[in-house]
Amino acid sequence: MNIYVGNLDYKVNEDDLKNVFEEYGQVSDTVVISDKFSGRSKGFGFVTMGNQAEAQKAIDELNGASYENRTMVVNEARPKKDNY
DNA sequence: CCTGAGCGA
């Protein structure tokens with residue numbers, strides 16, 4: 001399940017996200033989007049989890065939670081640019 | 001270094 005994690009602090013990395021989400025279940029992949037021109041983090045990322053139930057629980061627990069003094073937003077991610 | 005757009009080639 002793809003999970004969108006937004007409103008993150010600029011210091012938050014993929015490793016931090018993985019650590020947070022691994023507390024709720026298995027994390028398959030973690031991606032933090034950063035601008036390829038400026039190089040700074042865009043403040044959001046994506047987490048892929050194997051178990052849908054654990055993913056839903058992680059979303060329910062982490063959505064609106066405070067992390068690094070920032071209230072992060074966790075929700076189900078939109079389908080990526082697959083092939084239409 | 002920074003806190004704001006917020007859904008990635």
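Everything quoted here is computed from the prediction, not taken from an experiment.
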K.L.:
For a quick test of reading the model, state the closest non-hydrogen atom pair linking S28(A) to G50(A) and the distance between them.
P.N.:
OG-N, 3.5 Å
K.L.:
What distance, rounded to whole Å, do you find between the two P atoms, one in dG6(B) and one in dC2(B)?
P.N.:
22 Å
K.L.:
Going by a 90° cut-off around 0, is dG4(B) syn or anti?
P.N.:
anti
K.L.:
If every non-hydrogen atom of A55(A) is compared with every non-hydrogen atom of M49(A), which pair is closest and at what distance?
P.N.:
CA-SD, 3.6 Å
K.L.:
Are the side chain of N7(A) and the backbone N or O of T71(A) linked by a donor-acceptor pair below 3.5 Å?
P.N.:
yes
K.L.:
Heavy atoms under 4.0 Å is the rule here; annotate nucleotides 3-9 of chain B 5' to 3' with B where the base is hit, S where only the sugar-phosphate is, and - elsewhere.
P.N.:
BB-BBBB
K.L.:
Could you tell me whether a side-chain N or O of D16(A) sits under 3.5 Å from a main-chain N or O of V12(A), the two making a donor and an acceptor?
P.N.:
no
K.L.:
Quick one: do Y67(A) and L62(A) satisfy side-chain contact (heavy atoms from CB on, under 4.5 Å)? Show the steps, please.
P.N.:
CA-CA 9 Å; Y67(A) 189 69; L62(A) 295 176; over 6 Å; no
